[in-house]
Each structure stands twice: as structure tokens, then as C-alpha cells.
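What follows is a set of notes on a single structure, which appears directly below.
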Amino acid sequence: MLRLGVIIAVIALVGTVLSGLAAYRVHDQELAIDRIALARAIDVHASLVQDRLTERELLARVASGLFRAPSVIKANMLQPLRSSIYAFKTDFVVAAWIARLKPDELTAAQNELQRAGFANPKIRNFDDKPLDTANLDHPIDVLMDLEPRNSETSALPGRALDDEPTVGPMLARAMTEGKPIASNPIPLLRLDGPIGLVLAAPVAPEGASTAAGFVTFSYELGPLMLTNDDLSLFSVALKDPRSAEDELIANEQGVVTTRSRPPEAVPPSATRTVTFGNRDWTLAYYAKSNAVRRAEQTAAIVGVIGLALTGIVCGLFGYVAYNNLRLSREIQVRIGFERRLTAVIDELNHRVKNILAVIQSIVTRTLRHGSDIDVARELLIGRIHAMSNVVTLLSESQWQGVQLRGLFEARAIPHAERIAVSGPDITVSARAAQSLSLLFFELASHSDEGLSLVGKHPHITAKWEITGDGPETVFNFRWEEFNTSEATRRPDSDFGLILLDRVAPEALGGTSKRFFTEASYVYELIAPMETVVDMTERDRTEQLSAPVRPVH
């Protein structure tokens, strides 16, 4: 009995020690995993918010850069931008044109608002009260045009915003710094409207040293910064720049409210800073669950199980080994996910830089010195729209290629319904799709005069065929405009000639030629099929999109 008691005591002691060690190990690993997962989820959310803010600030910069009107006393200044701003992003609440008007320009501005049919064309204060224009001796900022125009927004034009407590200082700072500036949080459209931010980009005419007005975009604060998955590990709040003790939060319906956080309140799990409108905004993240308590509960369960199985030493070691293996696999999966995420981000940065380089080239060559600004603006909008369309198609296919017929959609190609398209169904690579999309746009955009001769009947054919086998397979494309001659067809622009004769063929590793026949204009492109399809790029994209699997 004594010997058995000693053995039982030794087994109990060993079991107790092993159970305590196992519980301690599980506690540390669970706590480390939870903290890593929370930090990674916060970093991803903050990165997505920053990308979202950068896109909207870029939209404001592009919109302000497209203004070239000789006069600011107009109620339709946004007309040239309406198609382009919707092509970029459609989640703004209101896009507006705010003109800086001198006192002697107010009467003309009021007449312009009346001709535009706005509900109240009178120049007045921001609170809809009369404005003493007789004693004005300095320019004022007046809302002259907005988008969308509806029953709720049509009463806003005509208001002077200099004395508005939130928008006024923002406009003054934007005028001084000459950069897009974001406002403090403010109710949009009405006093009880959704809480949002207003981004103002100054517009300076060519050769002018001061801005003639502002293009503004207003966004709801909830979708802009506070949107979060209901199943995520944290909730997010925005530090209110107006008060150090207050935070702005959004509920499940996206309604933003203010709450006070006294100094003795539980601090956030982490904070991140994002930049928007030349201002820094602090996001506070609060964990939805107590990681320490959950880790302690897990460790307690392991300890209880270990004590209950002290008489079965092998089983105990087996359980601990299995538990450690499970935790190690989870850590390996998370490490693999982080590596895959880093590779995906690097690939995304590479592709975004390429797209921005193409857009920069388009803008530079389209808006070259001496070009007709109206024609250049239309071509620039069309070329950027073509790029936007092909990026949308590539995003829908996870950058694994685009159906060649999809590049002839009406939203990207002028008069696409009049073009007779024929050829086998093939999927071209992302690089080839970008070059071909710009190529098709240039060909279609310079055939306007020929289009008007035939009416609705197709008079342009775009066809392609695949010839050869194996490595010798060749892609042959032919564009032909009938009832077109060198005298009637609009001459290709300098950018178009470079694209047709050099950029597109070199991008596909092929050759091109263009010529006139007795009754048509012809453009032909011949390239190796392996560069048009580019399987290496597709394989790389599939590898990046493959799910992470645990290591066995």
C-alpha cells in the first residue's frame, strides 16, 4: 500500500506539475495569437480606410484640375465633371462648386442662379437669412452649383459660406494653403442630417495666383471611416477633433453619434492615424472580447483536464502534444497568411504604380502645350474612362484576364453599338487588356465623322483570328472603317499615333500598320499569342489568390 501510495503520489505530483505547465503554455500562446490577430485586423482596417480616403482626395484633385472655364459666375460649372466624377466614385453625398465672388459680381451670379431654375436664387447667408450685400467690401464664397440636383439640394445654391462655423474656416485654409482641406465633422444637407466630412479643393485658373473657387465633395463619416464587419474582433471610433474627450461612433445602421470618454475610462486597444484633406485623424480601436479572460479560461480548462487525467500519463502527454500541435498549426497558418498578404500588397502596389504611370502618360500627352483644351478634355475623360473600365473588368476576374469582347462594351468605347465585332472567345492578360482597351478607344474616338454618314447600320468591323499552332500561334486583329477616306476621317492625335504605331504593338511584342483603301480605313495588329494571353502573369495571380493551407 505504501508503495502504491508513493506511486500514486508521484503520478499525482507529476500530473499536477505537467497540468500546470500545460495550462501556462496554453495561456501564453492563446494570448499571443489573439493579440497578433487583433493587431493584424486593425492594421488591415486602417490600411483600407487610408486607401479609401486617398481615392477620394485624388478624386477632388482630379476634379479641380479639370476646371478650365473662363468665368466662375455660372450655375452649371459641374457639367463637364458629371460623367467623370461618377466614373471614379459614387458614394459622395453632394459635389458642389463654390465660387469666390466679388461684390460687383453678386447681381450677375443671382441672375445666373435664377436662369438655372434653383428654388431660391437670391444671394444670402449660410443660414438662409438675408445678406447685407451693400456693405460688402471683400469677396465671398457662394455655392453656385451642386450634384445631385433634387428637391432636397435645389434650395442650397446661393448661400454664402464664409461665416458658416465649420465650412468657412475650411475654405479659408484651403485658399491660403492651395491644397485640398477636410472640414471638421458636420451634419450634411440639414441640421439633423447624417454626420460627415466636406473636402474642398481650390481651383486656380491658368496663370492665376489665387483660387477662383472650390470643388467640394461631402461624404458620410460612417461609411468613410467607421464601417466595420459585425463579426470583426474590434469596434472602431474616431477621435473628435473638436473635443479631446469625445469620440464619434457608428451603429449597425451607420448612424454616427458622439460619446464622451472620461479620462478614467478603459483606453483603446490600439490607435491608428490616417491622413485626409491635409489633416491627421485618429482612429481608436476597442477589442470586443477580453483576450486575457478568454486565455485564462482556456488555461483553466486545460488544467482541469490535466488534473482529471493524472492517472493516465500517456493520455495526458498525448493531449498536451495534440494541443501544442494545434496551436503551432494556427500560428503557422497566421504566419503564412501574413506572408501571402504582404505578397498580395506588393503585387497590388506594382499594378497601381503601372496604372498611375499609364494615366500620367495619358494626361501629359493629352494636355500637351498648344492643344485645344475642350477636345483634350473630352479625350482625357474618355481615355481615363477606358482605363477605369478595363480595371473594373480585371477586378471582377481577380486580375486573371478579360474576355476580349468585353473590351467593346458601350460604357468604354464610343458608338460601340455600331461596331460589328467578330472573332473567337479568348481571354487576354491584364497587361494586354490595358493596351487593347486604350487602342480600341483611340480607333473609335477618331471615327466620329464616318459614323454620321451611315446612321444606325454597322459600318465599322473589328475582327480577330488565331492562326498557327503551338509556339507559332499568332493573334491577328483587323479594324476597318467603311465609307471613310483620308479626307473625311478625323486625323489621329499625337498620342493616338504613338499608341497605334508604337505603344500597343510593343506591349504585345508585335507589329501594326494602318492605311486607307478606296472605301475604308484599316488598322491591323499582329502579335504572338503567348504575349496576348501571357500565362505566366495568370499563373502568378492564381498563386496569390490561392487560400493559405496549414503546414502538416
Side-chain angles (χ1 to χ4, degrees), residues 34-61 89 91-93 166 169-170 173 179-188 193-200 217-292 334 337-338 341-342 344-345 348-349 352:
D34 286 342
R35 287 174 177 171
I36 292 173
L38 180 62
R40 172 55 59 185
I42 290 174
D43 288 340
V44 170
H45 181 271
S47 178
L48 291 176
V49 170
Q50 183 61 73
D51 291 344
R52 193 182 305 136
L53 297 177
T54 301
E55 289 176 356
R56 283 143 186 82
E57 190 167 345
L58 177 61
L59 170 61
R61 292 180 182 273
K89 289 292 177 183
D91 59 349
F92 60 83
V93 178
T166 302
M170 174 197 63
R173 182 181 170 188
K179 302 176 181 177
I181 299 297
S183 70
N184 283 333
I186 183 176
L188 303 179
I195 302 299
L197 299 177
V198 179
L199 180 66
F217 293 89
S218 58
Y219 299 94
E220 289 191 32
L221 187 58
L224 189 65
M225 294 188 187
L226 305 180
T227 301
N228 193 26
D229 186 0
D230 294 337
L231 300 179
S232 65
L233 303 176
F234 57 84
S235 59
V236 60
L238 175 66
K239 295 291 186 181
D240 194 336
R242 301 166 297 183
S243 173
E245 292 79 19
D246 293 340
E247 293 178 340
L248 297 167
I249 58 173
N251 60 15
E252 296 179 354
Q253 290 73 35
V255 178
V256 178
T257 56
T258 303
R259 70 180 180 188
S260 297
R261 300 286 297 180
E264 63 274 9
V266 178
S269 302
T271 60
R272 296 291 185 272
T273 300
V274 294
T275 303
F276 181 56
N278 286 283
R279 298 182 62 178
D280 291 335
W281 306 83
T282 301
L283 298 176
Y285 294 89
Y286 297 90
K288 290 184 177 179
S289 60
N290 191 326
V292 175
R334 293 183 185 277
F337 171 76
E338 291 179 2
L341 181 61
T342 301
V344 171
I345 291 175
L348 178 61
N349 289 336
V352 168

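All heavy atoms count here, side chains included; hydrogens, waters and symmetry mates do not.
- Counting heavy atoms from C-beta on, the side chains of Pro194 and Val255 never come closer than 4.5 Å.
- Ion pairing of Asp91 with Arg56 is present here, as a side-chain N (NZ or NE/NH1/NH2) and a carboxylate O approach within less than 4.0 Å.
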Between Trp281 and Lys239, is the side chain to side chain contact (heavy atoms under 4.5 Å, CB included) condition met? List the steps. CA-CA 7 Å; Trp281 306 83; Lys239 295 291 186 181; over 6 Å; no
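- Going from atom CG of Asp34 over to atom CG of Leu233 covers 8.0 Å, rounded to the nearest 0.5 Å.
- For Arg52, there are no salt bridge (Lys or Arg N to Asp or Glu O under 4.0 Å) partners, not counting sequence neighbours.
- Minimum interatomic distance between Leu38 and Ala287 (heavy atoms only, all atoms of both residues): CD2-CB, 3.9 Å.
- The nearest pair of heavy atoms linking Arg259 to Ala237 is NH2-CB, 4.0 Å.
- Closest non-hydrogen pair, Pro241 versus Pro185, comes out as CG-CD, 3.7 Å.
- Taken from OG in Ser47 to CD1 in Ile42, the straight-line distance is 13.5 Å, to the nearest 0.5 Å.
- With a 4.5 Å cut-off on side-chain heavy atoms, Met225 and Leu221 count as touching.
- With Asn278 contributing its side chain and Pro180 its backbone, the two residues share a donor-acceptor pair below 3.5 Å.
- Residues forming a salt bridge (Lys or Arg N to Asp or Glu O under 4.0 Å) with Asp43 (at least two apart in sequence, or on another chain): Arg272.
- Side-chain contact between Ile186 and Val198 is present, with heavy atoms from C-beta onward closer than 4.5 Å.
- Evaluation of the side chain to side chain contact (heavy atoms under 4.5 Å, CB included) rule for Pro223 yields Glu220, Thr227 as partners, not counting sequence neighbours.
- Remark: side-chain polar atoms of Thr258 are not paired, donor with acceptor, to backbone N or O of Leu248 under 3.5 angstrom.
- Val256 has its side chain out of reach of Ile249: every pair of non-hydrogen atoms, C-beta onward, lies at least 4.5 Å apart.
- Applying the side chain to side chain donor-acceptor pair (under 3.5 Å) criterion to Thr271, with sequence neighbours excluded, gives no partner residue.
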Would Asp246 and Ser260 count as a side chain to side chain donor-acceptor pair (under 3.5 Å) if you check the C-alpha gap in whole Å, the side-chain angles of each, and the deciding distance to 0.1 Å? CA-CA 4 Å; Asp246 293 340; Ser260 297; 3.1 Å; yes
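- Put simply, the side chain of Pro169 does not reach to within 4.5 Å of the side chain of Ser183, judged on heavy atoms.
- In this structure, Asp51 CG and Glu55 CD are separated by 6.5 Å, a value rounded to the nearest 0.5 Å.
- Side-chain contact check for Leu197 versus Leu224: some heavy-atom pair is nearer than 4.5 Å.
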Please report the C-alpha distance between Glu247 and Tyr286 in whole Å, then the side-chain angles of each, then the deciding distance to 0.1 Å, and finally whether the side chain to side chain contact (heavy atoms under 4.5 Å, CB included) criterion is met. CA-CA 12 Å; Glu247 293 178 340; Tyr286 297 90; 2.5 Å; yes
Could you go step by step and tell me if Leu199 and Phe276 meet the side chain to side chain contact (heavy atoms under 4.5 Å, CB included) rule? CA-CA 9 Å; Leu199 180 66; Phe276 181 56; 3.8 Å; yes
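- By the salt bridge (Lys or Arg N to Asp or Glu O under 4.0 Å) test, Arg242 pairs with Asp240, sequence neighbours left out.
- For the pair Met170 and Arg279, the minimum side-chain heavy-atom distance is 4.5 Å or more.
- Residue Leu226 comes nearest to Val236 through the heavy atom pair O-CG1, 3.5 Å, listed as atom of the first residue, atom of the second, then distance.
- Note on Arg261 versus Glu245: no salt bridge recorded, every NZ/NE/NH1/NH2 to OD/OE distance being 4.0 Å or above.
- Without hydrogens or angle criteria, Gln50 side chain to Thr275 main chain gives a donor-acceptor distance under 3.5 Å.
- Annotation: ring-ring contact (aromatic ring centres under 6.0 Å, His included) contacts of Tyr285 (sequence neighbours excluded): His45, Phe234.
- Taken to the nearest 0.5 Å, the CG atom of Leu283 stands 10.5 Å off from the CG atom of Asn228.
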